[in-house]
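Bear in mind the structure is a predicted one, so any value in this text is a computation, not a measurement. Just so it is clear: chains get the letters A, B, ... in the order the sequence lines come, proteins before strands, and each one is counted from 1.
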Amino acid sequence: MQKYDPKKVEKKWQQQWEEGRVFEVSEDPPQEKKFYALIEFPYPSGAGLHVGHPRPFTAMDVISRKRRMEGYNVLYPIGFDAFGLPTENYAIKTGRPPAEVTAENIATFTRQLKALGFSFDWSRAVDTTDPKYYRWTQWIFLQFFKHGLAYKKNQPINWCPSCKIGLANEEVVNGACERCGYAPVEKRNKEQWMLAITKYADKLLAGLKEVDYIPQARVQQENWIGRSEGAVVRFSVIPAPAGIQSGMIVEVFTTRPDTLFGATYMVLAPEHELVKRLKSRILNAAEVGAYLEQVNKKTEQERTAEGREKTGVELKGIKAINPVNNEAIPVWIADYVLASYGTGAIMAVPAHDQRDWEFASKYHLPIKQVVAAHFIEPVHPPQPGKKTKRRQTVHAIVRRKSDGKILMLQWKGAMWEGREPRTFIIGGTEAGEDPVVSAEREIKEETGYRNLRFVKDLGLEVHTEYHAAHKDENRYAEIRVLHFELNSDEQDTVSAAEMEKHTPVWIEPEEVGNFINVVDGPFIWNWFNHGGQAYTPDGISINSDFLTGLSTPEAKAKMIAWLEEQGIGKRQVNYKLRDWVFSRQRYWGEPIPLVYCENCAQRKPKILYIHGIYGYSEENWIPWFRKEMKKRGYEVLAPNLPNNVHPSLDKWLKTLADLPIGKDESLIVVGHSLGGPAACQFVLKHSAQIERLILISPTGDRQEAINWKNLRDAGCDEESIECIKKFNAANQSLDKVRNLAKETIIYLSEDDPFVPLSVTDNYSPLRAKVKIFKNKGHFNERAGILELPEILDEFPDVQSFNSGWIPLPEDKLPLELPKVAKYQPTDTGESPLAAMTEWVKTTCPRCGGPARRETDTMPNWAGSSWYFLRYCDPHNNKEFASMKKLEYWMGRNTVIPNEREESLSQSPNGQRSFPLAPARGQDDSTGGGVDWYNGGMEHTVLHLLYSRFWNQFLYDLGLVPTREPYKKRTSHGLILGPDGEKMSKSRGNVVNPDEMVEQYGADALRMYIMFMGPFDQPVAWDTNGVKGVKRFLEKVWAIQNNNKFDREGEDGWIFDDQLKLVHKLIRKITTDIDEMKFNTAIAKMMEFINEISSNSVISRGVWKIFLKLLSPFAPHIADELWNSEPFFENNGSLASEKWPIVDEKNLYEERMTIVIQVNGKVRARQQVGTNLDEEIIKRNALSDDRVQKWLEGKAPKKIIYVKGRLVSIVV
RNA sequence: GCCGCCGUGGCGAAAUUGGUAUACGCGUAGCACUCAAAAUGCUAUGACCGUAAGGUCUUGUGGGUUCGAGUCCCUCCGGCGGCACCA
């Protein structure tokens, strides 16, 4: 017998797979069944692979190998995410070029990965640092830039004053620099490139609904995006600061507009711009100045280290007016209000916000309750149809000073049928009566105790509804809770009438919670014990004018409606998500392909206005528009176009082409009505940079896109109509227009007589933002539109356009990283590239003048944000990937009908905007993406969110076929070192896979990694476990080499038991792999081997099935045995064999074990026939001696039979 | 503090989703093979009582629902992960 020598076997098969190109896949010709399995590509560190890396790789390899055998065309790609800090830091230390080091590391990783026998398609391997790859990373960045989603902004960076280097967030440990001797990190302001991911916040949130992610990943993304719904409310501030007219406004954001009546003060973030502007009016300017300085000095570290005790200072002399009741409230600044969230200012409602409560308590600010807790007694709920009596009541918590016990009432009466209430001392308050007085009266009347001291009002109103059985009426109790102390037991006599109703009892404090049996009791008791806090849950509004009596959701809605009506606030959604800082002042990253041109920065966009048929230019709102735009610094071109009555697109375009617009100028193009198509075609033909394309009631060429009847009724003759039709029909190639304009906006009116809302279908390739109005008609003089202030949002001050940053032409990409002499960042915090004067100095690709290059590079996240797309078409040098190949591997979205109609009908008051639905059958869709993506929990927030953002952006540009990149996402648990700690060089607990392969073989290593524990949970490494799996593989090897196999051909003998065994195994392995329960799958294989090895003769059919089931886990040994003498004459890898299918008839059991329980304890087991019926099984069970013994002659009360499992007898 | 997850032998862990708790593996002990060791094979292995047959207890704690709870509900204790003054 040959010995099992994994080294020999594994090398042999790895070579065969490679030479036979077994795992290289093609989309040509497209096979129907495809499967795209994705793992997070590794960072090729200098340390090489450690034993944790292969866990996700092996898992997806098992799944991929199984799918392949199930007939899928499986893409299982691999690559390297090779830009990164460690390599850069190594370069700084040693001076070795990162590219060189990276190449070596990739070689090591490749060798190690290949030794583990993964079924990767190596021909598709990508490397993010390869210029052929990052050319497209840069290209995608340029698309962001061209669509206005990349912009420069002053942002603080982490700066280590000792290393003189900007730090990544992950290099900052507890506010100190990780690189050097932990010097404290400073913040430095620097202009940084930002990606406007916040513009996709709602889309990223919505997309989570259509994908199959592990719940944790979905929840973490949701939290990170942090959507909250509320309102912005405008408070005016008095006195107005000098030089500014009165009525100066501060906006606050709140999620609880229902508590506006409880806003007793206002807090501004210290950085709030108003603080500076108000300076001259602040009476305690010195104090405020000192506070600001103190806040400024505080580092992040100190802020968190202080235990977050809230500090603040009042702006004396300043008041804010609460717009709901015109009360003047104090204004404070405090650093618990963040400048970066909401509006940087809050209205403080201390009664219903814990932070405000703490602050108000500390600084003795008024606390006003405006929401009452609300309960409905579940045992005796109010009954419909019965009258409801409202009663003011008090609950008195009376604590005896001597022993701390609590005085309570045990009721006897019939207030509630079937249950005697146990409560605090309760009583009614008469109209106008002080609650303290009524409580004292009630205590005396009900219990006789009189030596009372009032301690405090708990400051909480509770509303409880119940049905009072003795009066058969519903009660609505408004309860105040008062705390008393009893100083001595002196007692007056209690009236007989009271004694009949209830008995006073003294209860130990620990028992109060159990004693009390009314619904609000535990809540009140808990509140009493916690002392002061804010009541934050929902409830019923009180002390709130027109909101009083409403539930919290009702009150919120009503308040928002009221605010909007009054024009002092509006509904608003806020996100925690911030824009993405995309600049790194580093060398080892993708260069940002932009140059700065002083000359171009001077050039400002012009506005081109294109009128419609009959030339409305000077007849409706255009004069107003011209004036407004001049104010903003624009030059407006509004030509009169020829043949207004019978227009032709060609002639119009010719006239437009003659306008004084330079080829390299930037434009905002506005087209109204027939001018809409003209504007689109102009944009397509002219080479100007289009900042914005604004279409107002544009005509379309579909039947339903114009209301011809109304047009005729309005006096349009047939010849004009023909012209319009031709004109519209010539409006082609809109999908190209989309990528020329940075932003496209369409204005429509619900009551437009000529252009209905359905015109959006026509313009769908533009993927424009659509704004829908009421009562604007056709936006012309007929509708009385002489001004259109809504449009002003699209025209910021001209100065804000064209910062001077000019993109490199796309055919000049990639912009390669130049070789530098030193990798150390410069003293000023700029990237080492900034030191290369000859590289930085360049010419402007737009005007040819002198310009300088951007020296920032992109963050590590860039390359990994789209690598899954490149895998689909890795060698394409014309596009980042072809649509055809993407559609094959990623699939495409399928339509959900009516989604657009829904968003339309939701439109509450006109001004809402929503993304335009592109051509039918392409959007409003779901279903595509990488079939299965597995990765680490540490990437479920950033990497996943960033790559979803990129994919959604590319989808909006029409460049990828699916909105969501990943259909399904799972996560693996970390593999820890043998000591249970995270593996790391510094801890010295790293296990090297090379050694494991050397000693036990790749198959044993793979199997152990899958066997260690549940895939999604962290597990500590235990080399002994590898031994155990190796033993299993040796056993498998030995069985094939030592046992007899039947010689009668496949299944010639009926090996019933063996067949049953193996078919059960097929079922188990098949489902377990799909559910990633690899550990139990392997356990079952071990059981199978333990059982089958006791047979003297083994069915070769059964054994072949087993080898197939084993092959995804241990592919080398499985292929070797499959091809081994003396039993099999197979040829080639199991990868091209078929996965076995369960045959139900082989699973049939003739006998089953029935467990018999007596009073819930197992007392006997019986083997019975499978098809016996229930009565017989029960009878058998009862007659069993062991059962009889436990019955002790008693008759069973109940017998339960669970099919195929057990009989449970109760006596 | 908030959100989410998890507590089962000496260890990693199973448990058909409410129905035989401790499968499978590791470790340990004994035996066999060996001059010996390693490797391998066989046997035993939750705890307690008992020579045994057998019995009792047992899934972090305490309670509840149920004929029946590791699994469902509530309380507390312990651990892990994420967010963290987000109005």
Residue-phosphate contact under 4.0 Å: Asn1079(A) side-chain N/O, rA14(B) OP1/OP2: yes
Test: salt bridge (Lys or Arg N to Asp or Glu O under 4.0 Å). Region: residues 1010-1031 of chain A. Which pairs qualify, not counting sequence neighbours? Lys1030(A)-Glu1034(A)
Determine the Euclidean distance between corresponding P atoms of rA84(B) and rC48(B); express it in Å to zero decimal places. 50 Å
Which part of the nucleic acid, if any, lies within reach of Thr254(A) when heavy atoms closer than 4.0 Å are counted: base, sugar-phosphate only, or nothing? sugar-phosphate
Among residues 1012-1028 of chain A, which ones have heavy-atom contacts with RNA chain B below 4.0 Å? Met1012(A), Pro1014(A), Pro1018(A), Val1019(A), Asp1022(A), Asn1024(A), Gly1028(A)
In Watson-Crick or G-U wobble terms, both distances under 3.5 Å, what is the partner of rA69(B)? none
Using the C1' atom as the point on both nucleotides, what is the distance between rG46(B) and rA14(B), in whole Å? 15 Å
For Lys362(A), does the NZ atom sit with more than 12 other heavy atoms under 6.0 Å from it, leaving out its own atoms? yes
Nearest to the Lys1077(A) side chain among rG4(B), rA15(B), rC24(B), which nucleotide is it? rA15(B)
Taking rG4(B), rA87(B), rG12(B) as options, the one with an atom nearest any side-chain atom of Tyr341(A) is rA87(B)
Tell me what Ser228(A) touches on the nucleic acid: a base, only sugar-phosphate, or nothing, going by heavy atoms under 4.0 Å. sugar-phosphate
Between rG25(B) and Asn1090(A), is there an OP1 or OP2 to side-chain N/O distance shorter than 4.0 Å? yes
Mapping Trp224(A) and Arg1031(A) onto RNA chain B by nearest heavy atom, which one lands closer to the 5' end? Arg1031(A)
Is rU17(B) syn or anti, taking syn as a glycosidic angle within 90° of 0? syn
Run the side-chain hydrogen bond (donor to acceptor under 3.5 Å, both in side chains) test against Ser361(A) and tell me which residues pass, sequence neighbours left out. none
Quick one: list whatever passes side-chain hydrogen bond (donor to acceptor under 3.5 Å, both in side chains) with Lys1035(A), sequence neighbours left out. Asn1090(A)
Strictly under 3.5 Å: I want the nitrogen or oxygen pairs between protein and nucleotides 54-57 of chain B, one per line.
residue : atom : partner    : partner atom : Å
rU56(B) : OP1  : Arg1163(A) : NH2          : 3.4
rU56(B) : OP2  : Arg1163(A) : NH1          : 3.3

Of rU17(B), rC24(B), rU20(B), the nucleotide closest to the side chain of Ala1083(A) is rC24(B)
When you measure from the side chain of Glu1087(A), which nucleotide among rC24(B), rC3(B), rC83(B) comes out closest? rC24(B)
Tell me the interatomic distance from Ile214(A), atom CD1, to rC3(B), atom P, rounded to whole angstroms. 20 Å
Check: Tyr575(A) ring centroid to Trp224(A) ring centroid under 6.0 Å: no
Which value, in whole Å, describes the distance between the C1' atoms of nucleotides rA13(B) and rG7(B)? 13 Å
For the P atoms, the ones on rA15(B) and on rC6(B), what distance do you get once it is rounded to whole angstrom? 14 Å
Show me the side-chain donor-acceptor pairs of residues 1197-1211 of chain A shorter than 3.5 Å, one per line, residues at least two apart or across chains.
residue    : atom : partner    : partner atom : Å
Tyr1201(A) : OH   : Gly1204(A) : N            : 3.2

With a 3.5 angstrom cut-off on both distances, give the Watson-Crick or G-U wobble partner of rG27(B), or none if there isn't one. rU45(B)
Should rA13(B) form a Watson-Crick or G-U wobble pair with both distances under 3.5 Å, which nucleotide is its partner? none
